[in-house]
Amino acid sequence: MYKRKKSHAKQLSGDDIIIETAWLYYHDNLTQEKIAQLLHVSRPTVANYLQKARDKGFVRTSVSPEVFLGHRLSHAIREKYNLHAVYIIPDGKGNQHIQAERVAKAAAEWIPSLLKPHDTLGVAWGETMLNVANYIRPQSIESLSIVQLVGSMPSPYGYGSEACATIMAKALGAHCINLYCPAVVSTIWLAEKLCQEPIVARQLNCINECNKAVFAAGGCEDDSHIITSSVTTPEAMQEYREQGAVGVLCAQLIDANGYQIPSDLQNRTIAVDLDFLKSLEMGILVSSGSNRVKPMIATLRGGFVTHMITNTSTAERLLQHKR
């Protein structure tokens, strides 16, 4: 029987008591109640120590992606949209924002397994991308490069494109190539001139080295991030919707079939070329929610996606739409 002297338990403090608790629970398979008796603390205190062990990274738990890749819905979505792999997580409690965070966490677990040494991964921008980057556990993939796919822009929510790429690169031990220019400028002439600047031109050329990319599908409603980030206005967006815009992909507007909407905005945007994006070896779509179904379908129809991660309710809605 496992025995521990009371005096020893009292001597433990700080990280020591957290590590001791984690060892007893995860390695020795003792119950929280038994650990509380051994360490002479309350059961809620044990639960608190275990949470701290997870928060500090002393303990890491993960779920095998193979379980979710074999989901019934995963097979159905894969067949319908001709995808290589679809990772579907169960719906959790809470609103769409909370569920989107769960999808981002799962994506952060899955994406590193999709990367290989010497890959160049293009990273889009937005709240989803920032969440994925923040949830990736620190690790190192040999000679991996991360490239920012969209120029920089102000955001009231703190998820600028440079942050998404930089944080993800740091987590994966990768070389980061940022795009040091605005995502959208005031005139077509200025966009053309900026793209000719040697520094910007070199960074844009690095995008052409990408063989994989990760992105989300944004909506075209008035709460779209390209409106809240002042890239365009609600009035202009209404005109784009009338032209058929249903989604935003890498700060660019696409219609229901994934074709880019010709517009003045397109010509003033400095970002990855969408035709190049669909030619990549791997395009990873991370999105969920009823308000993202139309843009997700547009992105899927456009041929940008090979791998996708979403939740059950979103997957069911995707299946209900005609291909």
Side-chain angles (χ1 to χ4, degrees), residues 73-74 76-83 86-89 91 94-104 106-107 124-129 131-132 149-150 157 159 213-229 231-263 265-266 269 271-272 274-275 277-278 283-323:
L73 281 172
S74 175
I77 294 289
R78 201 172 71 217
E79 290 294 318
K80 181 171 184 175
Y81 292 101
N82 192 30
L83 303 179
V86 180
Y87 189 157
I88 298 176
I89 68 169
D91 287 341
N95 57 29
Q96 287 191 155
H97 180 77
I98 293 174
Q99 293 192 19
E101 282 208 16
R102 297 179 75 242
V103 169
W125 78 296
E127 184 177 13
T128 298
M129 289 298 97
N131 283 338
V132 172
L149 292 179
V150 182
Y157 310 110
Y159 47 73
V214 57
F215 44 81
C220 287
E221 302 307 315
D222 286 347
D223 62 350
S224 170
H225 57 277
I226 66 170
I227 292 179
T228 57
S229 299
V231 171
T232 190
T233 64
E235 294 76 20
M237 182 62 86
Q238 176 59 35
E239 293 182 9
Y240 299 141
R241 287 196 295 264
E242 292 171 359
Q243 295 174 36
V246 300
V248 180
L249 179 60
C250 293
Q252 297 164 83
L253 300 166
I254 57 174
D255 67 14
N257 291 310
Y259 294 114
Q260 189 164 14
I261 299 290
S263 67
L265 177 63
Q266 170 192 340
T269 300
V272 61
L274 292 189
D275 285 336
L277 189 65
K278 69 173 64 176
I284 308 165
L285 173 61
V286 185
S287 289
S288 65
S290 59
N291 61 336
R292 293 291 179 262
V293 172
K294 285 185 178 180
M296 288 176 72
I297 290 174
T299 306
L300 290 162
R301 286 175 175 168
F304 299 99
V305 185
T306 61
H307 295 63
M308 181 177 73
I309 180 163
T310 189
N311 60 352
T312 301
S313 59
T314 306
E316 289 173 341
R317 291 185 176 95
L318 291 174
L319 278 179
Q320 291 168 6
H321 279 73
K322 293 182 179 180
R323 177 67 175 88

- [ ] Answer whether the closest heavy-atom distance between the side chains of Phe304 and Leu285 falls below 4.5 Å.
- [x] no

- [ ] Look at the side chain of Ser224 and the backbone N and O of Gly219, then say whether any donor-acceptor pair between them is shorter than 3.5 Å.
- [x] yes

- [ ] Might you point out which heavy atoms bring Ala100 and Ser288 nearest each other, and give the distance in Å?
- [x] CA-OG, 3.6 Å

Task: Heavy-atom closest pair, residues Ala104 and Thr128 - done: CB-O, 4.3 Å

Task: Heavy-atom closest pair, residues Ala236 and Thr232 - done: CB-OG1, 3.2 Å

Task: Pair Leu83-Leu300, side-chain contact (heavy atoms from CB on, under 4.5 Å): steps then yes or no - done: CA-CA 9 Å; Leu83 303 179; Leu300 290 162; 3.8 Å; yes

Task: Gap between atom CD of Glu235 and atom OG1 of Thr233 - 0.5 Å precision - done: 4.5 Å

TODO: Show your reasoning for whether side-chain contact (heavy atoms from CB on, under 4.5 Å) applies to Val214 and Val132.
DONE: CA-CA 10 Å; Val214 57; Val132 172; 5.5 Å; no

TODO: For the residue pair Cys220 and Leu253, establish whether any side-chain heavy-atom pair is separated by less than 4.5 Å.
DONE: yes

Task: side-chain hydrogen bond (donor to acceptor under 3.5 Å, both in side chains) between Arg241 and Gln238, intermediate numbers included - done: CA-CA 5 Å; Arg241 287 196 295 264; Gln238 176 59 35; 2.6 Å; yes

TODO: Verify, without hydrogens or angle tests, whether Ser74 (side chain) and Tyr87 (backbone) share a donor-acceptor contact under 3.5 angstrom.
DONE: no

Open item on the list: Using the rule given for side-chain contact (heavy atoms from CB on, under 4.5 Å), can you reason through Met296 versus Met308, listing the C-alpha separation, both sets of side-chain angles and the distance that settles it, and then say yes or no?
Closed with: CA-CA 10 Å; Met296 288 176 72; Met308 181 177 73; 3.8 Å; yes

Open item on the list: How long is the straight-line distance from CD1 of Ile89 back to CD1 of Ile309, given to the nearest 0.5 Å?
Closed with: 6.0 Å

TODO: Can you establish whether the number of heavy atoms outside Lys294 located under 6.0 Å from its atom NZ is more than 12?
DONE: no

Open item on the list: As an exercise, state the distance from OG1 of Thr310 to CD1 of Ile88, rounded to the nearest 0.5 Å.
Closed with: 7.0 Å

TODO: Check whether any side-chain heavy atom of Tyr259 sits under 4.5 Å from a side-chain heavy atom of Leu274, and report yes or no.
DONE: no

- [ ] Could you give me the CA-CA distance, side-chain angles and deciding distance for Val286 and Met129, then say whether side-chain contact (heavy atoms from CB on, under 4.5 Å) is met?
- [x] CA-CA 8 Å; Val286 185; Met129 289 298 97; 4.1 Å; yes

TODO: State, to 0.1 Å, how close Ala271 and Cys250 come at their nearest heavy-atom pair, and which atoms those are.
DONE: CB-O, 3.9 Å

TODO: Taking all heavy atoms of Leu149 and all of Ala124, pick out the closest pair and write down the distance.
DONE: CD1-N, 4.0 Å

TODO: Calculate, to the nearest 0.5 Å, the distance between atoms CD and CG belonging to Gln260 and Leu265 respectively.
DONE: 9.0 Å

Open item on the list: Using 0.5 Å steps for rounding, measure from the CG atom of Leu319 to the OG1 atom of Thr314.
Closed with: 11.5 Å

Open item on the list: When you compare the side chain of Tyr81 with that of Leu318, does any pair of heavy atoms fall below 4.5 Å?
Closed with: yes

Task: Under 3.5 Å donor-acceptor, Gln252 side chain and Val272 backbone - done: yes

- [ ] Quick one: closest heavy-atom pair of Ala217 and Thr299, and the distance?
- [x] CB-OG1, 3.7 Å

TODO: Please confirm whether the backbone N or O of Ser313 pairs with a side-chain atom of Asp91, one donor and one acceptor, at under 3.5 Å?
DONE: yes

Task: Pairwise distance CD1(Ile77) to CD(Glu316) - rounded to 0.5 angstrom - done: 9.0 Å

